[in-house]
Number of protein chains: 2
Amino acid sequence: MLDRLQVNDMDLPTNPGRRTLPVLNEDPRGWEVKVWVTLARASTRLERRLGHALAAHGLSLSQFDVLATLWHGEGITQQELAERLLVTKGNVVGLIDRVGAAGWVERRPDPDDRRVNRLYLTDAGRELLSRAFPGHAADIREAFGRFTEDELRQMHQLLERLDTY
Amino acid sequence: MLDRLQVNDMDLPTNPGRRTLPVLNEDPRGWEVKVWVTLARASTRLERRLGHALAAHGLSLSQFDVLATLWHGEGITQQELAERLLVTKGNVVGLIDRVGAAGWVERRPDPDDRRVNRLYLTDAGRELLSRAFPGHAADIREAFGRFTEDELRQMHQLLERLDTY
DNA sequence: TATTGTTATACTCTATAACTATA
DNA sequence: TATAGTTATAGAGTATAACAATA
């Protein structure tokens, strides 16, 4: 497994197209900023690591998200996908163009509403996902390996509440 | 405060109150994947919200990170900045070019090692940061507003462990 | 009129790698 | 030889906005 990646002449984790991470710890009155900094940093580092692993399959993290979303609900519209991925419908066009060009996803016109495209995994897409997912899940489990199940439940509950504020 | 964000001609749910984004919940044996999905989603949503607020100051989240990092340690080298932001030194050149062009950061040659640049906030940069930071911190506090201090400590502790796995 | 998807534009960020000038 | 920074390239993601087709 790869712990670090040779980048340039410097050791760094990787992942394309995504943001760097925050760094500001000095809020005098509360833990909120500290928690956010740590959250963002942990998230970024995991994104880099997972993104790098997925790159071996020719997938970006965003593209993996598209495929995994379709895996759960084939036949959704581009608009629905946009809402789930928290991006605009304009961005979805580009995303689907790319995974479509790779042959993993296809648009099918909705017979009842001619404005709508419904999205489906191709056989190749399903196959790719079933090839990529196990390692991906294993990487995630490794990252969380030091937590007890109780702690994982706790984390999940806290993050759900944060996500729905 | 903004509850929804006007994106395009679509209302993008800045807080859809429900569904999980990235996207794979079916790991039969553990909570790890679920926790990661929730973590990534919460992080993404907060990034979007905070990034949008910072844009009012002409700052991207990454640029804010640069400024905030220098606020903590002016005089660091580009290489050191790269390590703190978890990006390559090549990427740092672009980052500093941009915040430098805006007049917020300057490179000064190290007198003892002529390969090295040391980075400093300009007065404008310091002023911008002191203008942008309070609202930024307030947004963060608002996002974490539903947690008790005890829960915040808990979260921080859990995320620190995750970050250093 | 409202909605779905498309197109166009501009910018930011990231990855990779070769290059320079120093040390 | 090794290190700090630069340059070059390519691509991905995002934000914004106007547009066409359809409802």
Side-chain angles (χ1 to χ4, degrees), chain A residues 5-21 44 47-48 51-52 54-56 58-66 76-83 85-102 107-119, chain B residues 5-12 14 44 47-49 51-56 58-66 76-83 85-102 107-119:
Chain A
L5 176 62
Q6 258 303 21
V7 172
N8 210 342
D9 45 1
M10 180 178 74
D11 278 333
L12 269 188
T14 54
N15 173 28
R18 298 210 175 195
R19 217 185 50 74
T20 61
L21 57 151
T44 299
E47 272 177 13
R48 295 266 204 287
H52 181 262
L54 287 173
L59 279 168
S60 73
L61 208 39
S62 294
Q63 290 168 356
F64 178 85
D65 290 345
V66 170
I76 64 175
T77 67
Q78 293 185 196
Q79 177 61 51
E80 286 165 349
L81 182 61
E83 286 159 12
L85 298 183
L86 300 180
V87 299
T88 66
K89 60 188 181 178
N91 296 144
V92 162
V93 173
L95 284 170
I96 299 302
D97 283 350
R98 286 186 286 273
V99 292
R107 297 167 161 103
R108 299 189 202 153
D110 185 311
D112 299 332
D113 185 340
R114 295 171 57 196
R115 295 171 303 179
V116 171
N117 287 333
R118 301 206 167 267
L119 301 173
Chain B
L5 183 58
Q6 256 305 15
V7 173
N8 207 345
D9 46 0
M10 173 183 80
D11 277 331
L12 190 63
T14 313
T44 298
E47 272 177 12
R48 295 267 201 291
R49 180 169 298 224
H52 182 262
L54 287 173
L59 279 169
S60 73
L61 210 39
S62 293
Q63 290 167 357
F64 178 85
D65 291 345
V66 170
I76 64 175
T77 67
Q78 295 186 195
Q79 178 62 52
E80 285 165 349
L81 182 60
E83 286 159 11
L85 298 183
L86 301 179
V87 299
T88 65
K89 61 188 181 178
N91 295 144
V92 162
V93 173
L95 285 171
I96 299 302
D97 283 350
R98 286 185 287 273
V99 293
R107 297 168 160 104
R108 299 189 201 153
D110 184 313
D112 299 331
D113 185 339
R114 294 171 59 197
R115 296 171 302 180
V116 171
N117 287 333
R118 301 206 166 265
L119 302 172

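Residue numbers start from 1 in every chain, and the chains themselves are labelled A, B, ... in the order their sequence lines are given, proteins ahead of strands.
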List in chain and number order the residues that pass salt bridge (charged side-chain N to carboxylate O under 4.0 Å, His left out) with Arg114(A), two or more places apart in sequence or in another chain; answer none if no residue qualifies. none

Check the phosphate of dG11(D) against Arg98(A), side-chain N and O only, distance under 4.0 Å to OP1 or OP2. Yes or no? no

Checking dT12(C), dT6(C), dG5(D) against the side chain of Val93(B) (C-beta onward), the nearest is dG5(D)

Does dG13(D) have OP1 or OP2 sitting under 4.0 Å from an N or O in the side chain of Ser60(A)? yes

Determine: side-chain N/O of Arg107(A) to OP1/OP2 of dT6(C), distance under 4.0 Å, yes or no. yes

Within the structure provided, determine whether Leu85(A) and Asn91(A) are in side-chain contact (heavy-atom separation under 4.5 Å). no

Mind checking the CD-CG spacing from Gln63(B) to Leu54(B)? Nearest 0.5 Å is all I need. 10.0 Å

Residue set satisfying side-chain contact (heavy atoms from CB on, under 4.5 Å) with Val116(B), at least two apart, ordered chain then number -> Thr77(B), Asp110(B), Asp113(B), Arg118(B)

By nearest heavy atom, map Leu95(A) and Thr77(B) onto DNA chain D; which one lands nearer the 5' end? Thr77(B)

Who passes side-chain hydrogen bond (donor to acceptor under 3.5 Å, both in side chains) against Gln78(B), sequence neighbours left out? Arg107(B), Asn117(B)

Would one find a side-chain N or O of Ser62(B) under 4.0 angstrom from OP1 or OP2 of dC13(C)? yes

Specify the residues of residues 111-119 of chain B, ordered by number, for which at least one heavy atom lies under 4.0 angstrom from an atom of DNA chain D. Arg115(B), Val116(B), Asn117(B)

Nearest listed nucleotide, side chain of Val87(B), among dT6(D), dT14(C), dT16(D): dT14(C)

We want to know whether Ser62(A) and Asp65(A) form a side-chain donor-acceptor pair, criterion being a heavy-atom distance below 3.5 angstrom. no

